[in-house]
Q: 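To start, I am sharing the structure in question, which I have written as structure tokens.
What's counted below: heavy atoms across the whole structure, side chains too, no hydrogens, waters or symmetry copies. If you're wondering where the values come from, they're calculated on a predicted model, not measured in any experiment. Each chain gets a letter, A, B and so on, in the order the sequences are listed, and its residues count up from 1.
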Amino acid sequence: MTGKECEVEILRGFKDILPDNIDKWQFLETTARNTIESFGFREIRTPILEKTQLFKRSVGETTDIVEKEMYTFLDKNNESITMRPEGTAGVVRAYIDNHLELSSFKKYYYIGPMFRYERPQKGRLRQFHQIGIEVFGIDEPAIDAEVVYINKALLNNLGINNVRIEINNIGCDMCRPNYMDALKSYFEEYRSQLCEDCQKRLYRNPLRILDCKNEHCRLIAKGAPKITSFACETCRSHYDVVKEKLTDFGVDFIENPMLVRGLDYYTKFVFEIITDKLGAQGTVSAGGRYDNLVEQLGGKSTSGVGFAAGEERLIELIEDYPKNRIDFYIANLDVDEYAVQIANKLRGIGKKVYVEYERRSLKSMMKRANRMNAEFAVIIGENEKNNRKVMVKNLFESKQSEYSLEAFLDEVK
RNA sequence: GUGGGUAUAGCUCAGCUGGUAGAGCACCAGGUUGUGGCCCUGGGGGCCGUGGGUUCAAGUCCCACUACUCACCCCA
């Protein structure tokens, strides 16, 4: 990009999705809709802008997302508004706002852009896209397992198989504080040996130390107390049943007691789907249960469970997908009216038709037809027009023949 | 916010120890008065990211800035 001629440039961390790439995106999103809807979920669309407070209260005041990654502005009324950094908060807000707890419907999904002000790198952008599902008011552990199952089904339908599913129990308000205390006192003994970041984490969120990539910290973390010995009976049995159901549903998983989620609202069961093909950002999808969030945001106490998958990360993993192409390329040798007449007839029966209006040699038109991967070229000039005929070439089979217009339209029906 | 790498044609990149730009792909045209995919020929297009310095001479060396990229932090 030789800056000069391009004074208008895209923002850092933002990306255009060009037609060359769009087939993949459309495949991803239609596959996601079909898969998720096949489980009885329905789409919900919530605004990109919400009051800043919503995210502070749901995601957590002290998380990095809220502390340094949000696109937050004052609107003309001096109200602080934020571009959504994740999807769950908005859906929960809509659930409460619209009194959806009174509806018998509990299963929602969304697809759309999210915004986080971070340094871009592989698999990470400032505007990125997520596909997520949320289930409200179902406490049975089976639904947790179904959420994971749906996620796995989605990946399978996209042809993505080389992933692992990691799960963990992170406890609830009752038992997590005890566990946090135990972690704190354990790590305090090794304080001087921890990396700089972990020394900070020790007081902010000791759970995160479990997640550290530093080799030495990992060693220390290995000996740290496990949630299993602190989880309350409710959390423990919930988690155990989720595991049973996952097995029943045929979902392979790995238990990872070091698995931690970055958002504050998670409780009990959490999971992550990970690939090793994406560099440092291996998490393709993640989710879990959030039993306090609805109440925390002012709704009636209602449990929740869901996941969010990163579209850009999924895109990188998709290998096979249907390519869009046109059915008919009309090589129009200066007979616009006749060309349009034919094209519209074809469109009327659901065909994709590209009409060439540029005056160029037939040779170059045929080249274009080929590049567009058109199945047929319809060649028409004065001759064809005057005799109400069309010259049709099948570009896949390289066969050509002349038809009367009527016979041709009859043929393609 | 911090660290590493990169910056030459629309795209991917070559350009040795400094002598004033190249390939492949793409695009356009021709080889076929109205016919694609392969092949051949030709063509357009670059103040070599920006600014400064060293030098007779800088794409090439030095400095700064900017952008991109990868990684840390954190996350999908």
Side-chain angles (χ1 to χ4, degrees), chain A residues 1-6 9-13 15 18 20 59-60 62-70 85-88 111-132 151 195-198 200-201 204-205 208 211-214 260-263 271-275 278-287 306-317 329 331-335 356 358 360-384 391-400 402:
Chain A
M1 273 11 67
T2 50
K4 203 170 171 188
E5 92 234 29
C6 194
E9 285 170 342
I10 195 164
L11 256 20
R12 160 177 284 180
K15 281 272 183 300
L18 302 175
D20 266 358
V59 176
T62 61
T63 57
D64 274 32
I65 293 180
V66 169
E67 278 194 343
K68 51 183 204 192
E69 294 173 1
M70 293 207 301
E86 59 99 46
T88 301
I111 298 180
M114 308 293 163
F115 303 83
R116 292 199 323 214
Y117 192 88
E118 301 180 85
R119 268 310 259 281
Q121 67 187 79
K122 193 176 173 63
R124 164 187 291 165
L125 293 169
R126 288 183 173 181
Q127 174 176 340
F128 60 104
H129 299 78
Q130 287 188 331
I131 297 167
N151 203 333
C195 72
E196 212 177 299
D197 290 319
C198 281
K200 282 184 222 152
R201 289 177 179 129
R204 294 180 49 122
N205 186 355
R208 293 240 75 100
D211 220 15
C212 186
K213 286 174 184 166
N214 180 298
V260 172
R261 306 265 56 249
L263 287 60
F271 75 98
E272 239 176 70
I273 300 188
I274 302 163
T275 172
L278 248 39
Q281 268 64 236
T283 301
V284 163
S285 180
F307 73 72
E311 292 196 68
E312 280 79 1
R313 294 183 186 177
L314 292 171
I315 288 283
E316 293 272 314
L317 298 176
Y329 174 95
N332 161 27
L333 294 160
D334 211 0
V335 286
E356 185 61 74
E358 290 179 60
R360 34 175 63 231
S361 69
L362 181 58
K363 175 178 177 142
S364 90
M365 288 195 207
M366 295 302 284
K367 275 188 173 177
R368 280 199 177 181
N370 190 56
R371 277 197 317 265
M372 287 180 200
N373 205 11
E375 185 171 3
F376 298 97
V378 178
I379 301 160
I380 48 173
E382 285 300 323
N383 276 339
E384 286 79 6
M391 187 66 84
V392 180
K393 182 163 190 178
N394 181 324
L395 296 172
F396 292 175
E397 293 169 9
S398 223
K399 283 179 191 158
Q400 175 174 316
E402 194 176 44

Q: When the distance from CG of A/L11 to C1' of B/rC68 is rounded to whole Å, what number comes out?
A: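 To the nearest whole Å, that distance equals 14 Å.
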
Q: Using only side-chain N and O atoms of A/K122, determine if any of them is under 4.0 Å from OP1 or OP2 of B/rA71.
A: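 Negative; the distance criterion is not met.
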
Q: Need one value for A/E272: base, sugar-phosphate or nothing, where a base atom within 4.0 Å counts as base even if backbone is also close, heavy atoms only.
A: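 The answer is nothing, as A/E272 stays clear of every strand by at least 4.0 Å.
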
Q: Verify the contact: side-chain N or O of A/Q121 to OP1 or OP2 of B/rA71, cut-off strictly under 4.0 Å; return yes or no.
A: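 Yes, within the criterion.
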
Q: Could you state the CZ-P distance from A/R360 to B/rC27, rounded to the nearest angstrom?
A: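 Distance, rounded to whole Å: 11 Å.
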
Q: Could you grab the distance from atom CZ of A/F115 to atom CD of A/E86, nearest 0.5 Å is fine?
A: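 Between atom CZ of A/F115 and atom CD of A/E86 there are 13.5 Å.
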
Q: Convert the base pairs of RNA chain B into dot-bracket notation, remembering that pairs crossing earlier ones are written with [ ] and that bases paired across to another strand are shown as |; include only Watson-Crick or G-U pairs under 3.5 Å.
A: (((((((..((((........)))).(((((.......))))).....(((((.......))))))))))))....

Q: So, A/E316 and A/K122, do they make that salt bridge, N to O below 4.0 Å?
A: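 A/K122 and A/E316: salt-bridged.
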
Q: Provide the distance between the two P atoms, one in B/rU12 and one in B/rU54, to the nearest whole Å.
A: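 The same atom, P, in both gives a distance of 35 Å.
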
Q: Just how far, in rounded Å, is P of B/rG10 from CG of A/D20?
A: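 Between P of B/rG10 and CG of A/D20: 17 Å.
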
Q: Nearest-nucleotide wise, let me know which of A/I10 and A/F128 is further upstream toward the 5' end of RNA chain B.
A: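 Going by which nucleotide is closer to the 5' end, it is A/I10.
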
Q: How would you summarise protein contacts on nucleotides 33-46 of chain B per nucleotide, using B for base, S for sugar-phosphate only and - for none, with heavy-atom distances below 4.0 Å?
A: -BBBB---------

Q: Got a sec, which residues hit salt bridge (Lys or Arg N to Asp or Glu O under 4.0 Å) with A/R208, two or more places apart in sequence or on another chain?
A: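 Listed in chain order: A/D211.
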
Q: Can you name the side-chain contact (heavy atoms from CB on, under 4.5 Å) partners of A/N370, sequence neighbours left out?
A: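 Expected list: none.
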
Q: Using atom P in both nucleotides, what's the gap between B/rG44 and B/rG22 to the nearest angstrom?
A: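 My reading of the P atoms in B/rG44 and B/rG22 gives 13 Å.
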
Q: If you measure from CE on A/M366 to CZ on A/R360, what distance do you get to the nearest 0.5 Å?
A: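 Interatomic distance, A/M366 CE to A/R360 CZ, rounded to 0.5 Å: 13.5 Å.
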
Q: Would you check, one step at a time, whether the test salt bridge (charged side-chain N to carboxylate O under 4.0 Å, His left out) holds for A/E358 with A/R368?
A: CA-CA 11 Å; A/E358 290 179 60; A/R368 280 199 177 181; 3.1 Å; yes

Q: How long is the span from the OG1 atom in A/T275 to the CZ atom in A/R313, to the nearest 0.5 Å?
A: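 It is 11.0 Å, given to the nearest 0.5 Å.
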
Q: Could you check whether A/L263 gets within reach of a base, just the sugar-phosphate, or nothing at all, counting any heavy atom under 4.0 Å?
A: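 Answer is sugar-phosphate: A/L263 comes under 4.0 Å of backbone atoms only.
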
Q: Touch check for A/L125, heavy atoms < 4.0 angstrom, all strands: base, sugar-phosphate only, or nothing?
A: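 Base: the residue A/L125, judged by heavy atoms under 4.0 Å, touches a nucleobase.
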
Q: Would you find a donor on one side and an acceptor on the other, under 3.5 Å apart, between the side chain of A/N332 and the backbone of A/E356?
A: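 The answer is yes, because a donor-acceptor pair under 3.5 Å joins these two groups.
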
Q: As an exercise, state the distance from CE of A/M365 to CD1 of A/I379, rounded to the nearest 0.5 Å.
A: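 Reported to 0.5 Å precision, the distance equals 9.5 Å.
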
Q: Just by modelled atom types, is the A/H129 backbone N or O under 3.5 Å from a matching donor or acceptor in the A/E312 side chain?
A: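 Indeed, once roles are kept as given, a pair shorter than 3.5 Å links the two residues.
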
Q: Atom CG of A/D211 and atom P of B/rC74: how far apart are they, to the nearest Å?
A: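 Those two atoms, CG and P, are 8 Å apart.
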
Q: Measure CG/A/L18 against P/B/rA26 and give the value in whole Å, please.
A: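 One finds 19 Å between P of B/rA26 and CG of A/L18, rounded.
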
Q: Expressed as a whole number of angstroms, how long is the span from A/E356:CD to B/rC28:C1'?
A: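 Taking atom C1' of B/rC28 as the reference, CD of A/E356 is at 14 Å.
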
Q: State the CZ-CD1 distance between A/F307 and A/I273, to the nearest 0.5 angstrom.
A: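 A/F307 atom CZ to A/I273 atom CD1 measures 7.5 Å (nearest 0.5 Å).
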
Q: For atom P, what is the distance between B/rG43 and B/rU6, given to the nearest Å?
A: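 One P to the other, the span is 35 Å.
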
Q: Using the P atom as the reference point in each nucleotide, state the distance between B/rU55 and B/rG15 in Å, no decimals.
A: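 Approximately 28 Å lies between the P atom of B/rU55 and that of B/rG15.
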
Q: With rounding to the closest Å, how many angstrom separate the C1' atoms on B/rC63 and B/rA29?
A: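 47 Å, rounded to whole Å.
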
Q: Please report, rounded to the nearest Å, how far the P atom of B/rC70 is from the CG atom of A/L278.
A: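 Between P of B/rC70 and CG of A/L278: 11 Å.
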
Q: What's A/G279 touching, base or sugar-phosphate or nothing? Going by heavy atoms closer than 4.0 Å.
A: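 Sugar-phosphate only.
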
Q: What protein N or O atoms touch nucleotides 1-7 of chain B N or O atoms at under 3.5 angstrom, if any, and at what distances?
A:
from: B/rU2; atom 1: O4; to: A/R119; atom 2: NH1; distance (Å): 3.0

Q: Taking the P atom of each, how far is B/rG1 from B/rC16, in whole Å?
A: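 Result for the P pair: 36 Å, nearest Å.
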
Q: Nearest 0.5 Å, please: how far is NZ in A/K213 from SG in A/C198?
A: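 Between A/C198 SG and A/K213 NZ, I get 12.0 Å after rounding to 0.5 Å.
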
Q: For B/rG53 versus B/rU60, give the span between their C1' atoms, rounded off to a whole number of Å.
A: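 Between the two C1' atoms, the distance is 15 Å.
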
Q: If we take the C1' atom in both B/rA9 and B/rC27, what is their distance in whole Å?
A: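 12 Å, rounded to whole Å.
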
Q: Would you say B/rA76 has OP1 or OP2 under 4.0 Å from some side-chain N or O of A/Q281?
A: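 False: A/Q281 side-chain N/O out of range (4.0 Å or more) of B/rA76 OP1/OP2.
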
Q: Kindly write out the residues that satisfy salt bridge (Lys or Arg N to Asp or Glu O under 4.0 Å) with A/R126, not counting sequence neighbours, or none if the list is empty.
A: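 Scan of A/R126 (salt bridge (Lys or Arg N to Asp or Glu O under 4.0 Å), adjacent residues dropped) gives none.
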
Q: Base, sugar-phosphate or nothing for A/A308? Non-hydrogen atoms, less than 4.0 Å.
A: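 The answer is sugar-phosphate, as A/A308 gets under 4.0 Å only of primed atoms, P, OP1 or OP2.
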
